[in-house]
Amino acid sequence: MNRLGDATSPYLLQHADNPVDWWPWGEEAFGQARKRGVPVLLSVGYSSCHWCHVMAHESFEDEATAAYLNEHFVAVKVDREERPDVDAVYMEAVQAATGQGGWPMTVFLTPDGEPFYFGTYFPPRPRHGMPAFTEVLRGVVAAWRDRREEVGEVAARITRELAERAGAYGASVTPGADELAAGLAALARGYDERYGGFGGKPKFPPSVALEFLLRHHARTGTETALQMARDTCEAMARGGIYDQLAGGFARYSVDRSWTVPHFEKMLYDNALLMRVYAHLWRSTGSDLARRVALETADFLIAELSTAEGGFASALDADSDDGTGKHVEGAYYVWTPAQLTAELGSADGQFAAGYFGVTKQGTFEEGASVLQLPQGNGVVDADRVATVREKLLAARSRRPSPGRDDKVVAAWNGLAIAALAETGAYFDRPDLVQAAVDAADLLVRVHLDGRGRLLRTSRDGVAGPNSGVLEDYGDVAEGFIALASVTGEGVWLEFAGLLLDSVLQHFTADDGTLYDTADDAEALIRRPQDPTDNATPSGWTAAAGALLGYAAHTGSEWHRDAAERALGVVGALAPRAPRFIGWGLAVAEAALDGPREVAVVGHIGDPLTAELHRTALLGSAPGIVVAVGEEGSREFPLLYDRPGRAGRAAAYVCRRFVCDAPTSDPRTLRSQLRSQPWPGRPS
């Protein structure tokens, strides 16, 4: 009997009707393997993973394959988004053994959880140098039956080598200006001058690296940093990776030019990129950046919001092509004939030119993703709007991609920060309210009252898995941003509760950080990784939130913890800046102060509102803002800071040492421009 029917994970539920006798991750499954004396097949994926769907259809839905699996293995299915700790430990083993990784991840384990054979996707028949999945299964069974002692030795050696990697990230000196300049130089060496972004194909949105570039420019005025950020953002926004009809970014581009995406849309990508484009607008006033930030926000609200106030994890890449066959990108691509059928001959021809749709197509079978090629020139904005509206209506009649509607705490934290700031910048109180609603859900459902988080929820019911470090760091970051925007100090209090848990349960004596709490389920090793990828690592997310909280409160405990955590950035920046981008961004904030702005005045007073908005639009790296009435105890930044002769006033501070207060927004803007800081006050 398949045991996934009661799961909260949409990915596990996708496999609940498989003939494979799946078990969820847990001691019960491993106990069954010990009882039967068989190995464990661990299959890890996620609901919007294209190749996960392919392998499921080819192998896990096949009766003969399932029968062999059930006879010789205990099969365990894991949603990597629910259990990033399990995924991280075994993915490290896969990458060490094979030199690559990906999903679905297929790992064979002893009944004690020790890995001994690895892979990712296996086809049903041999192809492209890959063995058939059934061949792999038979080979593992033969090895387990005939060479059990050798298998045990291999598994023990791999487990020992993984354990020896723990603690390899010793703290060192907090990076200074030279280390950050070295990070910029290393990033520039990998920059794609023609298409923007970094590296070749496939090309992923470099969200956290872009944030570093914008912060570096804000602190130093370096035009190279701004140019790389601006040109990359424009290239992505014009490319097929961006949904030109409804907004929102796909996971990555399969080519170097951002043309053909892998079509799944992830909450974390869109939250991070919304914030990047909003910050790009804040730095440059770019109309394109403003449009993309707002369209991406509207995409989140329209497509990913849940009834409980949170945001769903992802939209699938695949959808029904109208014939009952699930095809990647079917929902998004167009042929010239389809444009003509929907728009008529004249508008169809116009749309084909405007969106770069050709007879040859950019995707498959003559279909094209929609782009905004350079050189479109001046066009009739009303005509473009009408064409978009008609194409959106036509697309809405197509079968839509599936949605993974579980709420992941970390990714909702990223969305809270992005929506709060985007709403504040562009006078969209509905976006700020959406951020508040998501934060309310996290407090009501994910927070247990002791400062401990649960990783996921679905339909307002929390899942069983404890939060990992990225959950604490990203949610605290979101709450701190929300406090700055709304002036509600309760969000700062909740951030402090989470960060106290980080310091108590995730932090080693030397200042290094672990991905799981000290009282979490023990795996074959305790995962620990400071490197950023598509999202900030838990390590750097926590460092950023600790620094922001220290700026708001003056807490040296949190400041010292942030600085110790940043020690790893200096070592990684010259070698792998793309994989420590958020760490570099946080280090920029630490080097700049960060700035602390206290706005004191009557709530509802136009001058208070103008000073508050001016402060929020300050581009100084990691700036924090407190706003409230004179004498308010909501924020420590406001303590003992009076207005000026009955008028609202703003104080710009670093480490709670402040410039003279001002009631003039122009003076405040000047104070927030880059100013060298000698460092820690004596």
Side-chain angles (χ1 to χ4, degrees), residues 48 50 195 201-203 205 234-266 269-270 288 291-292 295-296 298-299 302-303 314-377 379-403:
S48 56
H50 172 70
Y195 294 111
K201 62 180 185 180
K203 187 175 279 186
E234 179 170 357
M236 290 193 299
R238 288 183 171 276
I241 193 174
Y242 184 67
D243 186 343
Q244 303 296 341
L245 296 183
F249 289 86
R251 175 75 278 269
Y252 63 87
S253 171
V254 302
D255 49 49
R256 177 185 162 199
S257 60
W258 307 108
T259 301
V260 178
H262 183 46
F263 289 89
E264 67 196 50
K265 289 182 177 179
M266 310 301 296
D269 284 321
N270 285 284
L288 180 143
R291 175 175 64 81
V292 172
E295 287 178 354
T296 303
D298 289 337
F299 158 73
E303 300 294 337
L315 298 180
D316 284 359
D318 303 359
S319 58
D320 191 325
D321 66 355
T323 69
K325 181 181 178 182
H326 269 64
V327 176
E328 184 182 2
Y331 186 71
Y332 298 102
V333 298
W334 300 83
T335 64
Q338 288 172 327
L339 293 178
T340 298
E342 296 296 342
L343 301 172
S345 179
D347 277 352
Q349 186 174 358
F350 166 78
Y354 184 78
F355 290 118
V357 176
T358 66
K359 290 182 179 179
Q360 294 80 15
T362 55
F363 190 51
E364 296 174 357
E365 299 180 359
S368 291
V369 292
L370 302 186
Q371 306 173 76
L372 287 183
Q374 292 278 5
N376 273 340
V379 296
D380 184 338
D382 290 338
R383 188 180 193 185
V384 171
T386 299
V387 163
R388 274 203 173 100
E389 184 178 347
K390 289 181 177 179
L391 291 180
L392 266 174
R395 196 173 78 175
S396 71
R397 295 191 291 272
R398 297 175 173 178
S400 58
R403 187 173 90 151

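Judged as a side-chain hydrogen bond (donor to acceptor under 3.5 Å, both in side chains), and not counting sequence neighbours, the contacts of Thr259 are Ser257. Under the side-chain hydrogen bond (donor to acceptor under 3.5 Å, both in side chains) criterion, Glu328 pairs with His262, not counting sequence neighbours.
Within the 4.5 Å cutoff, the side chain of Leu391 has heavy atoms near those of the Phe355 side chain. Counting only heavy atoms from C-beta outward, the side chains of Val357 and Gln338 never approach each other to under 4.5 Å. In this structure, His50 and Phe263 have side chains that are not in contact, with every pair of non-hydrogen atoms separated by 4.5 Å or more. Phe350 places a side-chain heavy atom less than 4.5 Å from the side chain of Val387. By the 4.5 Å heavy-atom criterion applied to side chains, Tyr331 and Asp320 are not counted as neighbours.
Contact between Leu245 and Leu370 at its shortest, heavy atoms only, is CG-CD1, 3.7 Å. Shortest non-hydrogen contact noted between Asp269 and Arg251 is OD2-NE, 2.6 Å. Scanning both residues, Gly356 and Pro373, for their nearest heavy atoms gives CA-CG, 3.9 Å. Of all heavy-atom pairs between Gln371 and Gly240, the closest is CG-N, 3.7 Å. Here the shortest heavy-atom pairing between Leu315 and Ser48 reads O-CB, 3.7 Å. Tyr242 and Thr296 get closest at one heavy-atom pair: CE1-OG1, 3.9 Å.
The closest donor-acceptor contact from the side chain of Arg403 to the backbone of Glu303 lies under 3.5 Å. Asp316 contributes no side-chain N or O that, together with a main-chain N or O of Asp318, makes up a donor-acceptor pair within less than 3.5 Å. Thr340 places a side-chain N or O within donor-acceptor distance of the main-chain N or O of Pro336, the cut-off being under 3.5 Å. A donor-acceptor pair under 3.5 Å is absent between the side-chain atoms of Lys203 and the main chain of Ser253, judged by distance alone. A distance-only check finds no donor-acceptor pair linking the side chain of Arg238 to the backbone of Trp258 [under 3.5 Å]. Within the 3.5 Å criterion, the main-chain N or O of Val369 finds a donor-acceptor partner in the side chain of Thr362. Looking only at distances, a side-chain donor or acceptor of Gln244 sits under 3.5 Å from a matching main-chain atom of Ala237.
Both tests hold for Lys265 against Phe299: distance to the six-membered ring centre under 6.0 Å, angle to the ring axis within 45°.
Distance check: Tyr252 OH to Glu264 CD gives 7.0 Å after rounding to the nearest 0.5 Å. With rounding to the nearest 0.5 angstrom, the NZ atom of Lys390 is 12.5 Å from the CG atom of Leu339. Interatomic distance, Arg383 CZ to Thr386 OG1, rounded to the nearest 0.5 Å: 9.5 Å. In this structure, OG1 on Thr358 lies 4.5 Å from CD on Gln360, to the nearest 0.5 angstrom.
More than 12 heavy atoms of other residues, nucleotides or ligands sit less than 6.0 Å from atom CD of Glu342.
Shown are Ser319, Pro261, Pro401; of these, the side chain to side chain contact (heavy atoms under 4.5 Å, CB included) with Tyr332 is made only by Pro401.
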For this session: Apply side-chain contact (heavy atoms from CB on, under 4.5 Å) to Tyr195 and Asp255, showing your working.
Result: CA-CA 10 Å; Tyr195 294 111; Asp255 49 49; over 6 Å; no
